[in-house]
Amino acid sequence: MTEMDVGRLSALIRDVPGFPVPEVTFKDITPLLADPDALRSAVELMAAPFEDSGVTMVAGIEARGFVLAPAVALVLRSGFVPLRKPGKLPYRARREEYQLEYGVDALEVHVDGVGPEDRVLVVDDVIATGGTARAGTNLIRGLGAELVGMAVLIELTFLAGREALDGVDLHSILTYDS
Ligand code: AMP
């Protein structure tokens, strides 16, 4: 496996201050996605801790989790299941609401997206406060599947999202403490 040094991956994350709201600095992963070696390396690094975990499904969180999760699924030779924003899935769905700074949001999964026979890895680009990740992992557990863990490219450690995920095996490639 070719593993670029984490510093090179980090150099391909673009900070966009004030997007989408003034108090947030957005971690833009598009420069990393555009670099063939970095893209491959990031996906392989996200999959690596779970290579011997018997993962049957990778669940990707809308929207940027959809970019990374199917690639991780290819490495792990598993299937892919989308965790979507409300009202987007065509078939019957289960919903999990979560708190935002102002108001609530929700994620949904098809009721037959995963089942008790599945071992599931949840994937997203960024974990910040952990609300989204918690909703995603709760959806998987709620369908009776085994939650193997969660892989993210970026962890904003100063927002303590990891603590919101009680007991989930969370792996991040790049961490930022401010
Ligand atoms: P949270 O629920 O606070 O952990 O937020 C995580 C979700 O929001 C993920 O799906 C991310 O894609 C997105 N997100 C939150 N903060 C950022 C950020 N600073 N840069 C990019 N995406 C973010």
Mind checking what makes salt bridge (Lys or Arg N to Asp or Glu O under 4.0 Å) contact with D28, not counting sequence neighbours? R14
Going by ring-ring contact (aromatic ring centres under 6.0 Å, His included), name the pairs with one or both residues in residues 31-60, residues two or more places apart or in two chains. F50-H171
To the nearest 0.5 Å, what is the distance between CD (E155) and CG (L170)? 5.0 Å
For a quick test of reading the model, state the closest non-hydrogen atom pair linking K27 to L156 and the distance between them. CE-CD2, 3.9 Å
What is the minimum heavy-atom distance between I140 and A59, and which atoms define it? CD1-CB, 3.9 Å
Count I, L, V, M, F, W, Y as connected when their side-chain heavy atoms are under 4.5 Å apart, and connections chain through other members. Are I154 and L39 then in the same cluster? yes
Distance check, rounded to the nearest 0.5 Å: L9 atom CG versus L32 atom CG? 5.5 Å
Verdict with supporting geometry, S172 and R162, side-chain contact (heavy atoms from CB on, under 4.5 Å): CA-CA 10 Å; S172 53; R162 186 177 281 273; 4.1 Å; yes
D15 CG: over 12 foreign heavy atoms closer than 6.0 Å: yes
Would you say V152 and L139 are hydrophobically clustered, going by side-chain heavy atoms of ILVMFWY under 4.5 Å? yes
Going hydrophobic residue to hydrophobic residue with side-chain gaps under 4.5 angstrom, can you get from I29 over to V16? no
Only counting residues at least two apart or in another chain, list the ones meeting ring-ring contact (aromatic ring centres under 6.0 Å, His included) with F158. none
Which atom names give the shortest non-hydrogen contact between K85 and L107, and what distance separates them? N-CD2, 4.4 Å
Locate the shortest heavy-atom distance separating F19 from F26; write the atom from each residue and the value. O-CB, 3.3 Å
If the condition is salt bridge (Lys or Arg N to Asp or Glu O under 4.0 Å), which residues does D177 pass it with, not counting sequence neighbours? none
Atom pair CD/CG of E96 and N138 - distance to nearest 0.5 Å: 4.0 Å
Starting from V114, can I reach F80 by hopping between I/L/V/M/F/W/Y residues whose side chains sit under 4.5 Å apart? no
Is any side-chain heavy atom of V120 closer than 4.5 Å to a side-chain heavy atom of V58? no
Any H110 side-chain heavy atom under 4.5 Å of P90 side chain: yes
Taken to the nearest 0.5 Å, the spacing of Y176 OH from T25 OG1 works out to 12.0 Å
Out of curiosity, L153 CG to T175 OG1, how far, rounded to the nearest 0.5 Å? 11.5 Å
Pair E62 + K88, salt bridge at N-O below 4.0 Å: no
Can you find a heavy atom in the side chain of L68 that is under 4.5 Å from one in the side chain of L33? yes
CZ/R40 to CG/D35 distance, rounded to the nearest 0.5 angstrom? 12.0 Å
Check E108 with R95, please: is the shortest side-chain N to carboxylate O separation under 4.0 Å? yes
Heavy atoms only: give me the nearest V148-S53 pair and the separation to one decimal. CG1-CB, 3.6 Å
Testing the basics here: between A69 and G60, what is the closest heavy-atom pair and its distance to 0.1 Å? CB-CA, 3.5 Å
Hey, any chance L159 and I173 share a hydrophobic cluster, counting ILVMFWY side chains that come within less than 4.5 Å of each other, even indirectly? yes
Please say which of V168, D118, L121, D169 ends up in a side-chain contact (heavy atoms from CB on, under 4.5 Å) with L147. V168
Those residues at least two apart in sequence (or on a different chain) that pass side chain to side chain contact (heavy atoms under 4.5 Å, CB included) with V75 are V43, A47, E51
Got a list of side-chain donor-acceptor pairs under 3.5 Å for residues 123-135, not counting sequence neighbours?
unit_1, atom_1, unit_2, atom_2, d
D124, OD1, G65, N, 3.4
D125, OD2, R64, NE, 2.7

Report yes if the side chains of I61 and M150 come closer than 4.5 Å at any heavy-atom pair, otherwise no. yes
